[in-house]
Structures are given as structure tokens and as C-alpha cells.
Amino acid sequence: MKNPVPCPEPGCGKSAVNFCGYCEDHMGLEKNHRTKLEDILQKKTVIDGLWFDHLYFEGLSITGRTFFYCSMANMRIENSTFDQCSMTLCFPVSTIFSGVTFKKCKIIESCFALSRFVGCTFEDCDIIQSNFNGIQTEGSTIASCDLMYTRFIAAELSNTMFSDCNLKGVYFVETAIKTCTFKYCNQEDAVYELKNPDDKKVFFS
Amino acid sequence: MNIMVYFSPETLSNAYIVYGDEGSSAILIDPHVFDNALFAILEERNLLVDTILLTHANSQSNHAVRTIRKIYSVNVFGCSDITEDLFITNVETLDQFSASGFIIKPIPIPGHHRDSVLYHIDSGLFTGDVISAGVLAHADGSYGRAVVAQTVREILGKLPGKTWIYPLNGPPSTLAIEQRTNKGLGFILHD
């Protein structure tokens, strides 16, 4: 990510968003911002160093894109699909994902911390050494994924199913789990220090 | 500033390549191994490593530095004068220094390793094994742990919440996230 440019509005200390010149509060002053980013998403296969912070997308269908070193904080993404995409050093922090499907994606060294996943699916994904600390999940499915060295510290997992996943070296520390299923998962070297230790007896079988 | 991460499956650690938009000079942070894959990343981008930053020197990093010095002409920076047989530039007393076109602010961390230091470059904080996502470094004894926690809390207070954290081990994070999820620092989301 390039260093952010400060918003030129007097008294505003926030960072400007890519191609906009203004922060998210004042981006109405330039209306082409979102269009420019959508254009880039359509035309470029490698999206490198862009800021998508505070944007709202719905109904996206993104296939075969490589996101590298992008900031995606405080976004809202709904009813969208990421198919065969790659994300490395990306920061979708405090972002709300609702009805989003990640299929055959490679998510490497990325930070989804404090994000919320509602009705989301990760299928056949490699999610390697990524940060899911403090996330909240509701009604989501993680199936046939490699989650090696990924962390779910202080996460709240609710009605979430982990199926046929590699959990090697995954941290479930201070994690609150409620009505979750862990089925056919490799739990070698996984670290469990759940918020409620009895949860492990109930949900890990 | 551009950053690339190289995860070594051999040492299970991250090394970071930092380079500017122009020129070919690059900083290599915490190389614990220098293998063909890392060399290929540098070659693909025509980068020449001229600076190595060590957040803590150990036998693995020393071995990597010896290899790198056979290929590149590098200045090595750390928080000691010498590690094994390698002379390095000690940044312990510096507020900041310049290398590879970047202003680098070293932040020594007492209480962990004797030579532990973080590096603040632009909006990135390279934390070595002191802070990782949700995890604070282990230190000997309760006094050591308290010193590390207090020092790191003070750093968190001085830097913007959106400062990116790039650790030696584990995934990246931001200061704002650590302020909410790092139990070792006394912060935890549910409390």
C-alpha cells in the first residue's frame, strides 16, 4: 500500500481513498471514485497496493484476480463471490462480509481481524498464516480448506461449520464457540485455549 | 513503500522485503534463511539488497547474513555491536537513521532479548518476535513479562492505530487490532 494522502478538507485528519483525493466522509465530492475502482476490478488481473476502505459492494463476481498489499478496512461486501482469487498481505479489517463465497482462493498472510462473516462460505481455499482474530461468524461454512497457522484469537464463532479442514498450528485462544461443528479436521498442533474450555468437549469430536 | 513477505517453510518465519517505487535498493528484514525462493523474489523484481535489519540476532539470522554478504554488499543493523563473528551497526541509541532511501526508527525493547528492537518504517512496524497477532513475546520471569508488556503498551499509545504490524512469526496485524485482542498486553475483546 502506498502511504495514504490526507483528506484536504479543513479539519479532517482522515486518509484519502485511492483515486479520490478525499476521505470516506468527504468522498461525495468526487463521485468517480467507486467507478474507477470497479473499472480496475474488471480490467486488471493484478490489483496491487490499492485502498478500498469504507466502500460498499454488492453482487460482485470476481474471478482469477490477484490482490496484493491492499487495504480493505471497514468495507461492506454482500452477496458476492471470489473465485480462484489470491490475496496476499491484504487487510480486510473490520469489514462486514454477508453472503460472500470464497471458492478456491489463496489467502496468504492477510488480516481479516475484527471482521464479521454472516452466511459466508470458504470452499477449497488455502488460508495460510492469516489473522482472523476478533472476528465474528454467524451461519458460515469453512469446507475443505487449509488453515495452517491461521489465528482465531478472541473470535466468536457461532453456527459455523469447519469440515475437512487442516487446522495445523491454528490458534483458538480465548475463542468463544457456540453451536459449531468441527468435522473430519486435522487438529495436529492446533492450540485450544477456549474462552469456555467445556466447549471443546461439546464441539470437537 | 512497497513490502513483500517471504515465509520460509524451513524456519516457519517471515522475512520482509521493503523497497521504494524507484530504484533497485531494498531492505531485507529478519532473514532467517536465504534460499533460492527468496533469491528468486529479489531477482524477479531486479532488487538489490543493501540493508539488513535484524530485530534480534541469532544463529539462524547470522547464517543467512553470511550467505547474503556473499551476494550483495549490505549494511547490517541491529541492537548490538557484534553477533557471533559478524560486526553490525548498533542502532540502540539512535532516534532514527536512513538506509535504502527510507527513514527508519528503531525502538529497542528491553525485557525480551538483550538486543530486541522493533523498526518503524512509514506506516509499518516490524516487530520481530516481540509482538505477533494476538500474542506477546514470552519473557523470562514476571518482571521481564511486565517490562515487555509495559514497553509495548507505550509504543501502541504513541503510534496510529492503523500502523501495520509485520511480525517474524504469524500473520500480520495492526496496532488497533492488538489493542483489542492481545491478551499478553492485557487487552482482550470480550472483557
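Order of the sequence lines fixes the chain letters, A, B, ..., with proteins taken first and strands second; residue numbering starts at 1 for each chain. These numbers come from the heavy atoms of this one structure, side chains and all, not from hydrogens, waters or symmetry mates.
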query = Taking only residues two or more places apart in sequence or in another chain, which ones pass side-chain contact (heavy atoms from CB on, under 4.5 Å) with B:Ala57?
reply = B:Leu54, B:Ser61, B:Asn62, B:Thr83, B:Asp115

key: B:Tyr166 vs B:Ile3 side-chain heavy atoms within contact, under 4.5 Å   = yes

request  = Would you mind telling me which of B:Leu12, B:Thr174, B:Val5, B:Val135 has the largest number of heavy-atom pairs within less than 4.5 Å of chain A?
outcome  = B:Val5

ask   = How are the rings of B:Phe77 and B:Phe97 set relative to one another: parallel (under 30°), tilted (30 to 60°) or perpendicular (over 60°)?
value = parallel

note = All heavy atoms of A:Ile135 vs all of A:Phe112, minimum pair found to be CG2-O, 3.3 Å

query = Can A:Asp83 and A:Lys103 be counted as an ion pair, charged N to O under 4.0 angstrom?
reply = no

Residues in residues 118-133 of chain A that sit under 4.5 Å from chain B, counting heavy atoms only = A:Gln129, A:Ser130, A:Asn131, A:Asn133

inquiry  = For a quick check under 3.5 Å, do B:Asn2 and B:Asp21 share a side-chain donor-acceptor pair by atom type?
reply    = yes

task = Return the orientation label for the A:Phe97 and A:Phe117 ring planes: parallel under 30°, perpendicular over 60°, tilted otherwise.
result = parallel

ask   = Considering all heavy atoms of both residues, which atom of A:Phe52 and which atom of A:Met75 are nearest to each other, and what is their separation?
value = O-CG, 3.2 Å

key: Non-hydrogen side-chain atoms of A:Asn74 and A:Asp53 separated by less than 4.5 Å   = no

task = Heavy-atom distances under 4.5 Å only: say whether A:Ser110 touches chain B with side chain, backbone, both or neither.
result = backbone

task = List for me each residue that meets side-chain contact (heavy atoms from CB on, under 4.5 Å) alongside B:Ser116, sequence neighbours excluded, and say none if there are none.
result = B:Ile109, B:His112, B:His113, B:Val130

message = Classify the ring geometry of B:Phe34 against B:Tyr72: parallel below 30°, tilted from 30° to 60°, perpendicular beyond 60°.
response = perpendicular

remark   = Highest number of heavy-atom pairs under 4.5 Å with chain A among B:Ala133, B:Gly124, B:Ser132, B:Gly134 belongs to B:Ala133

message = Sub-4.5 Å heavy-atom contacts with chain A: which residues of residues 99-106 of chain B show up?
response = none

